[in-house]
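Report on the structure given below.
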Amino acid sequence: MVRSSASTTAPKARPTPDTVTGLRDAVRHLAKQTTKATRPHTVTKCTPATKKVQHKSSSGTGTKKKTRTWTTTEQYRKCSMVRSGTETYTRTVRKERWCVSLDDVGGNTAEDDVWYQVTRAAYDEVRGADEHARVEFTPTGSGC
């Protein structure tokens, strides 16, 4: 949430420990940066295969119990991933970021030009505030 002293409808609430206050200095939007890249293309290749399976059947009880054993050959498909050329995909080099620079951070006049990463909503609100207006927001990261 961003509060500006220019706004008269903003309620006065206690700042949370993560909230930053200061004078609006500058805003910066860094667009998402992508590039084309290639990677190995894999496909599933299946081949028919067989395996011998042993079966058991029992009948009777005690000393008259008989066990019959036999084997059969079952067919199945053996599948594996194999490389088949390359494929092109879009790789993200830099994520999209919205940044705000503050002066007099936390009321300390020596702390100027401090950059914070913020959400899109906070960026839009700070961008609409007047130059050097007091703003308050919760950053998502430091630096820009």
Side-chain angles (χ1 to χ4, degrees), residues 1-4 6-7 9-11 13-108 110-144:
M1 175 183 241
V2 174
R3 285 192 196 86
S4 170
S7 174
T9 59
R14 252 194 172 152
T16 63
D18 300 331
T19 303
V20 176
T21 59
L23 303 180
R24 178 198 187 274
D25 186 27
V27 291
R28 182 184 298 163
H29 174 242
L30 296 170
K32 177 176 157 181
Q33 198 172 27
T34 60
T35 185
K36 294 287 183 189
T38 58
R39 62 183 169 207
H41 180 70
T42 55
V43 293
T44 304
K45 184 178 181 184
C46 296
T47 56
T50 57
K51 64 180 174 183
K52 292 197 178 239
V53 179
Q54 193 171 36
H55 304 277
K56 285 185 180 181
S57 175
S58 300
S59 63
T61 59
T63 58
K64 297 183 179 195
K65 186 169 187 169
K66 290 195 173 206
T67 302
R68 187 171 150 256
T69 306
W70 71 98
T71 57
T72 59
T73 303
E74 290 187 357
Q75 293 188 354
Y76 68 100
R77 289 172 29 145
K78 186 176 183 179
C79 299
S80 61
M81 297 295 282
V82 294
R83 184 175 169 174
S84 175
T86 58
E87 64 182 355
T88 303
Y89 70 104
T90 303
R91 184 170 66 90
T92 303
V93 177
R94 180 181 68 202
K95 291 167 65 175
E96 187 172 25
R97 291 191 305 225
W98 297 275
C99 302
V100 174
S101 172
L102 295 181
D103 287 342
D104 299 347
V105 177
N108 184 357
E111 229 180 315
D112 288 345
D113 297 323
V114 181
W115 285 96
Y116 295 99
Q117 290 181 33
V118 295
T119 61
R120 171 73 191 261
Y123 170 83
D124 288 339
E125 285 190 48
V126 171
R127 199 172 125 213
D130 294 332
E131 190 74 20
H132 290 91
R134 182 156 298 280
V135 291
E136 180 181 300
F137 56 85
T138 304
T140 58
S142 60
C144 189

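Note that the coordinates shown come from a computational prediction; the quantities given were computed from them, not determined experimentally.
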- Message: Show me the pairs that pass side-chain hydrogen bond (donor to acceptor under 3.5 Å, both in side chains) and involve residues 69-85, at least two apart or across chains.
- Response: His55-Thr72
- For Val105, the side chain to side chain contact (heavy atoms under 4.5 Å, CB included) test, sequence neighbours excluded, returns Val20, Leu102, Glu111, Val114, Tyr116
- Is there a donor-acceptor contact under 3.5 Å from the side chain of Thr92 to the main chain of Lys95? no
- Which residues satisfy the salt bridge (charged side-chain N to carboxylate O under 4.0 Å, His left out) test with Arg127, sequence neighbours excluded? none
- Message: Going by the rule side chain to side chain donor-acceptor pair (under 3.5 Å), which residues pair with Arg97 if we only count those two or more places apart in sequence or in a different chain?
- Response: none
- Message: Quick test of your reading: applying disulfide bond (SG atoms under 2.5 Å apart), list the pairs with at least one residue in residues 21-79, sequence neighbours left out, ordered by first then second residue.
- Response: Cys46-Cys79
- Task: Applying salt bridge (charged side-chain N to carboxylate O under 4.0 Å, His left out), name anything that partners Asp103, two or more places apart in sequence or on another chain.
- Result: none
- Would you list the pairs meeting disulfide bond (SG atoms under 2.5 Å apart) in which at least one residue belongs to residues 110-144, sequence neighbours left out? Cys99-Cys144
- Query: Partners of Ser142 by side chain to side chain contact (heavy atoms under 4.5 Å, CB included), sequence neighbours excluded?
  - Reply: none
- Could I get the full list of side chain to side chain donor-acceptor pair (under 3.5 Å) partners for Arg94, not counting sequence neighbours? none
Listing, residues 25-38 side-chain donor-acceptor contacts under 3.5 Å, not counting sequence neighbours, or none:
unit_1, atom_1, unit_2, atom_2, d
Asp25, OD2, Ser101, OG, 3.3
His29, NE2, Glu96, OE2, 2.8
His29, NE2, Trp98, NE1, 3.4
Lys36, NZ, Thr90, OG1, 3.2

- Tell me the side-chain hydrogen bond (donor to acceptor under 3.5 Å, both in side chains) pairs involving residues 41-53, sequence neighbours left out? His41-Glu87
- Calculate, to the nearest 0.5 Å, the distance between atoms CG and CG belonging to Asp130 and Leu23 respectively. 12.0 Å
